[in-house]
There are 2 protein chains.
Amino acid sequence: MPAPILSKDEVLDRLLNTFRDRGYEGASLAELSAATGLVKSSLYHYFPGGKQDMAEQVMAHLDRQLAANLYGPLRSALSPAKKLGAMLDAIEAFYEGGRKACLFERLSASVDRAHFRRPLRRAFMVWMDAIEAICLEAGLSKAVARVRAEDVVVRVEGALIVCAGTGDYSVFARTIKDLRASVLAPSRAAHRA
Amino acid sequence: MPAPILSKDEVLDRLLNTFRDRGYEGASLAELSAATGLVKSSLYHYFPGGKQDMAEQVMAHLDRQLAANLYGPLRSALSPAKKLGAMLDAIEAFYEGGRKACLFERLSASVDRAHFRRPLRRAFMVWMDAIEAICLEAGLSKAVARVRAEDVVVRVEGALIVCAGTGDYSVFARTIKDLRASVLAPSRAAHRA
DNA sequence: GTCTATAATAGGATAGAC
DNA sequence: GTCTATCCTATTATAGAC
């Protein structure tokens, strides 16, 4: 009865990376097994529901990580501008400047997307709600704050696609830079260079 | 020796739709066969290289369609504003208001993405070049035109992801509406409501 | 140019030992 | 909790008739 090699969190981190790199269909059990160092049967011990179960638990894992390391700290006394800056720093790091894909995008595009609909919708909503809260704190109206929050997520996700498609990662850097300057700008005022 | 049921273009249209709906890995030969009404062996007659060959030919097919129906007409004497409007009309129709995915995104995210790299990069570049040309014609500087062109593609692709993830298609409509108003706006001037 | 039939393999999943 | 061994099905792909 060997002891666990990796903690559950470490296993989930490895699975997260594999799903991001290969996509849901693209990540075979053989690859998920190699990434974790666990043979298939061991994976089924952790994830009785198979690959769907893995994806669901990986989403929940990422939700917890984001709540602890990103959304939590955002409830501090920092200025809205500093909070936005911190979020965009985290986004640049997490996506490695546009080189790593978004788990939620990968699962949204999967054939099993119907199974993941609720947690996916929730994940996008939590993200947008956090940005909206910063915008409101900065004095923007509710309507403008919501649109700005949606726009941040739209542009981050879009930049990831364009970078993956073109191989030109400057698009991601430029998009983040533009968001830093524009998201909290007063409404009906100048926004673009 | 039965005659062909569908023209090659019709077959390519059906395959295009299947790849958009199911993704590259998600689209099995069984589904591609059902979508075209051709049994697997017949598909191999048209596409000796199998699924990769199908994806490559579908990309080339879409390139031709876009050149004929979108980029071609854009070389007319219409005003830049009308050209942009026509492109955004076509985008709204092609993506069915955010309900249908982008082929290029699907293939960029596939496990075989390395095989499709060149045509994918080309497809994104041709799209952005067309937008850039409209921006230049409207009097924007080269640098601003390029950034605006990248931004259009980023926001369209991102809106598709957010719509798929949240099920809220108003994001796509709002994004297109915002692009209609902002892409050709004079630089360093007001841009956002 | 389309078909039926089949091969060959990879995929997800399970049983049961230790 | 991890392993070896196996099962079953789906998947890609090919052969060859008409």
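Residue numbering restarts at 1 for every chain, and letters A, B, ... go by the order of the sequence lines.
In this structure, A:Lys100 fails the cation-pi test against A:Phe172, since its NZ or CZ atom is not both closer than 6.0 Å to the six-membered ring centre and inside 45 degrees of the ring normal. A cation-pi contact, defined as under 6.0 Å to the ring centre and within 45° of the axis, is absent between B:Arg106 and B:Phe116.
Protein atom NZ of B:Lys51 is 13 Å distant from nucleotide atom C1' of C:dG11, rounded to whole Å. The nearest whole Å value for the distance from the CG atom in B:Leu6 to the C1' atom in C:dT2 is 12 Å. The separation between A:Leu43 atom CG and D:dC3 atom C1' is 12 Å, rounded to whole Å. Distance CG (A:Asp112) to P (C:dG11): 16 Å, rounded to an integer number of Å. Between A:His45 atom NE2 and C:dA15 atom C1' there is a gap of 16 Å when expressed in whole angstrom units. As a whole-Å value, the separation of A:Glu31 CD from C:dA10 P is 13 Å.
Ring orientation note: the planes of A:Phe19 and A:Tyr24 are close to parallel, at an angle under 30° on the 30°/60° scale.
Closest approach to the A:Tyr44 side chain among D:dC3, C:dC3, C:dT14 is made by C:dT14 (side chain taken as heavy atoms from C-beta onward).
At a non-hydrogen distance threshold of 4.0 Å, nothing from residues 9-30 of chain B comes into contact with DNA chain C.
One finds no salt bridge joining B:Lys51 and B:Asp112 here, because no Lys/Arg side-chain nitrogen approaches an Asp/Glu carboxylate oxygen to under 4.0 Å. A salt bridge links A:Asp151 to B:Arg155: one of the charged nitrogens lies within less than 4.0 Å of a carboxylate oxygen. Salt-bridge annotation for B:Asp89 and B:Arg180: present, with a side-chain N of the basic residue lying under 4.0 Å from a carboxylate O of the acidic one. Classification of A:Arg148 and A:Glu132 as a salt-bridged pair fails, no side-chain N sitting under 4.0 Å from a carboxylate O. Using a 4.0 Å cut-off between charged side-chain N and carboxylate O, B:Asp21 and B:Arg99 make no salt bridge.
Phosphate proximity of D:dT2 to A:Tyr46: present, with a side-chain N or O under 4.0 Å from OP1 or OP2.
Side-chain atoms of A:Ser170 and A:Asp168 form a donor-acceptor pair, as typed in the model, at a separation below 3.5 Å.
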Might you list the N or O atoms of the protein lying below 3.5 Å from N or O atoms in nucleotides 4-8 of chain D, with each pair's distance?
unit_1: D:dT4; atom_1: O4; unit_2: A:Ser41; atom_2: OG; d: 2.3

